[in-house]
Asks: 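Let me begin by handing over the structure; questions about it come next.
Below, read A as the first sequence line, B as the second, and so on, with proteins coming before strands; counting in each chain starts at 1.
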2 protein chains.
Amino acid sequence: MNSPVPTGDDLVRVLATLSNPHRLRVVAALAGRRNYVSRLARELDISRALLQVHLKKLEAAGLVTSRLELSEDGKAMKFYEVNAFAVRLTPQDIVTAVQTLTPAGQAPADHTNETDEKGAT
Amino acid sequence: MNSPVPTGDDLVRVLATLSNPHRLRVVAALAGRRNYVSRLARELDISRALLQVHLKKLEAAGLVTSRLELSEDGKAMKFYEVNAFAVRLTPQDIVTAVQTLTPAGQAPADHTNETDEKGAT
DNA sequence: GGCACCTGCTAACTTTTCTTTGCATGTGCA
DNA sequence: TGCACATGCAAAGAAAAGTTAGCAGGTGCC
């Protein structure tokens with residue numbers, strides 16, 4: 001894990017991710033039961049391509065997790081499930097979060113491909 | 001008030017509003033003490049025009065309130081203060097919120113100019 | 001082989017959001 | 001009058017996000 005306590009940048013990322021109706025619906029759908037991409041797309045009635053993009057964002061924000069599995073008949077299926085999370089948003093929480101916000105103008109670190117680096121700095 | 005319980009659309013609006021570093025900083029700054037536009041702009045070191053746009057969004061989302069006041073020396077100053085709010089975000093909360101989401105493709109009602117309509121429907 | 005499933009990618013387009021620039025108004029004061 | 005400080009707004013450009021369309025690959029089965 002990166003940091004046990006979410007930084008301001010993390011918060012921004014999570015909020016940005018959840019501020020989209022499609023993604024909200026995806027999370028809600030997965031909260032019931034895990035599902036694989038094609039089926040979820042049919043159930044939500046959106047294109048698979050579109051769903052894939054949203055799922056990637058959700059995963060990048062750490063809100064869902066994917067797992068590639070092989071069904072009995074040998075087909076590759078990517079299952080997604082929601083991670084447990086709980087964000088509280090009050091003015092005071094924001095005061096705290098802002099303290100760990102990357103200063104304007106700088107890139108807030110890319111959490112896209114981060115398995116688990118352990119730097120010895 | 002419109003509805004005591006925030007609808008899914010409200011949630012999306014709030015999250016979209018708070019998913020911006022500038023606006024997060026504004027909320028944090030106002031959480032300490034209320035302030036007027038020009039001064040706040042100087043303190044946050046952003047242009048007044050930019051701040052104004054962000055403040056409008058925050059107000060539209062119901063997160064801050066503005067009040068035009070006249071200083072002792074007669075100058076008009078617009079003070080902003082944060083409203084108390086508390087949003088909880090868990091998968092389960094999202095399941096609930098999604099139930100009151102405007103179906104895709106439709107306009108989610110414009111809360112921009114809403115003083116306090118009381119419809120007799 | 002042809003069809004029905006599954007995944008993954010990207011180029012291109014549309015839409016939304018963000019930000020700057022510039023000008024308008026008003027006050028008080030030297 | 002000219003300067004400092006306050007507000008407000010809109011046009012226009014730049015950047016980011018959302019969406020579609022089309023292609024690739026793979027498996028199993030009739």
Asks: Between atom CG in B/L55 and atom P in C/dC18, what is the gap in whole Å?
Replies: 13 Å
Asks: Flag the pair A/L11 / A/T7 as yes when at least one side-chain heavy-atom distance between them is below 4.5 Å, and no otherwise.
Replies: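 Result no, sub-4.5 Å side-chain heavy-atom pair not found.
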Asks: When you match A/G74 and A/H54 each to their closest nucleotide on DNA chain D, which lands nearer the 5' end?
Replies: A/H54
Asks: Check whether the side chain of A/R23 and the base of D/dG18 form a donor-acceptor pair under 3.5 Å.
Replies: no
Asks: So which atom in A/L24 and which in B/I94 form the shortest heavy-atom distance, rounded to 0.1 Å?
Replies: O-CG2, 3.4 Å
Asks: Using whole Å, report how far CG of A/L68 lies from P of D/dT27.
Replies: 13 Å
Asks: Nearest-Å distance, NZ (B/K75) to P (D/dG8)?
Replies: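 Computing the B/K75:NZ to D/dG8:P distance gives 16 Å.
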Asks: How many Å lie between CG on B/L70 and C1' on D/dT7, as a whole number?
Replies: 12 Å
Asks: Could you tell me whether B/R34 sits above the aromatic face of B/F79, with NZ or CZ closer than 6.0 angstrom to the six-membered ring centre and within 45 degrees of the axis?
Replies: yes
Asks: Could you check whether any side-chain heavy atom of B/V37 comes within less than 4.5 Å of a side-chain heavy atom of B/Q52, counting everything from C-beta outward?
Replies: yes
Asks: Would you say A/Q52 reaches C/dT7's phosphate, i.e. side-chain N/O to OP1/OP2 under 4.0 Å?
Replies: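 No, outside the criterion.
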Asks: With respect to the phosphate group of C/dC6, does any side-chain polar atom (N or O) of A/Y36 fall under 4.0 Å of OP1 or OP2?
Replies: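 Answer yes for this pair, as a side-chain N or O of A/Y36 is under 4.0 Å from OP1 or OP2.
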Asks: Calculate the interatomic distance between B/H22 atom NE2 and C/dT20 atom C1'; express it in whole Å.
Replies: 12 Å
Asks: Whole angstrom is fine here: how far is it from CD in A/E72 over to P in C/dC5?
Replies: 18 Å
Asks: Select one nucleotide: of C/dT20, C/dG28, C/dC5, the one nearest the side-chain heavy atoms of B/S47.
Replies: C/dT20
Asks: So, OP1 or OP2 of C/dC18: does either fall under 4.0 Å of a side-chain N or O from B/N20?
Replies: yes
Asks: Using heavy-atom distances to pick each residue's nearest nucleotide on DNA chain C, tell me which of B/L50 and A/R42 is more 5'.
Replies: A/R42
Asks: For B/K78 and A/R48, find the nucleotide of DNA chain D closest to each by heavy atoms; which residue's nucleotide sits nearer the 5' end?
Replies: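 Upstream on the strand: B/K78.
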Asks: So, is B/K56 near the phosphate of D/dG8, with a side-chain N or O under 4.0 Å from OP1 or OP2?
Replies: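 For D/dG8, neither OP1 nor OP2 has a side-chain N or O of B/K56 closer than 4.0 Å.
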Asks: Listing request: all salt bridge (charged side-chain N to carboxylate O under 4.0 Å, His left out) pairs with a residue in residues 47-62 of chain A, at least two apart in sequence or in separate chains.
Replies: none
Asks: Give the nucleotide from the list D/dT19, D/dA6, C/dC5 with an atom nearest to the side chain of B/S38.
Replies: D/dA6
Asks: Between C/dC18, D/dG18, D/dT7, which nucleotide has the shortest distance from any of its atoms to the side chain of B/K57?
Replies: C/dC18
Asks: A/A49 near the nucleic acid: base, sugar-phosphate alone, or nothing, with a heavy-atom cut-off under 4.0 Å?
Replies: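 It contacts base atoms.
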Asks: Rounded to the nearest Å, what distance is computed from the CD1 atom of residue B/I46 to the C1' atom of nucleotide C/dT19?
Replies: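 Nearest whole value for this atom pair: 10 Å.
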Asks: What's the CG-C1' distance between A/D73 and C/dA4, to the nearest Å?
Replies: 11 Å
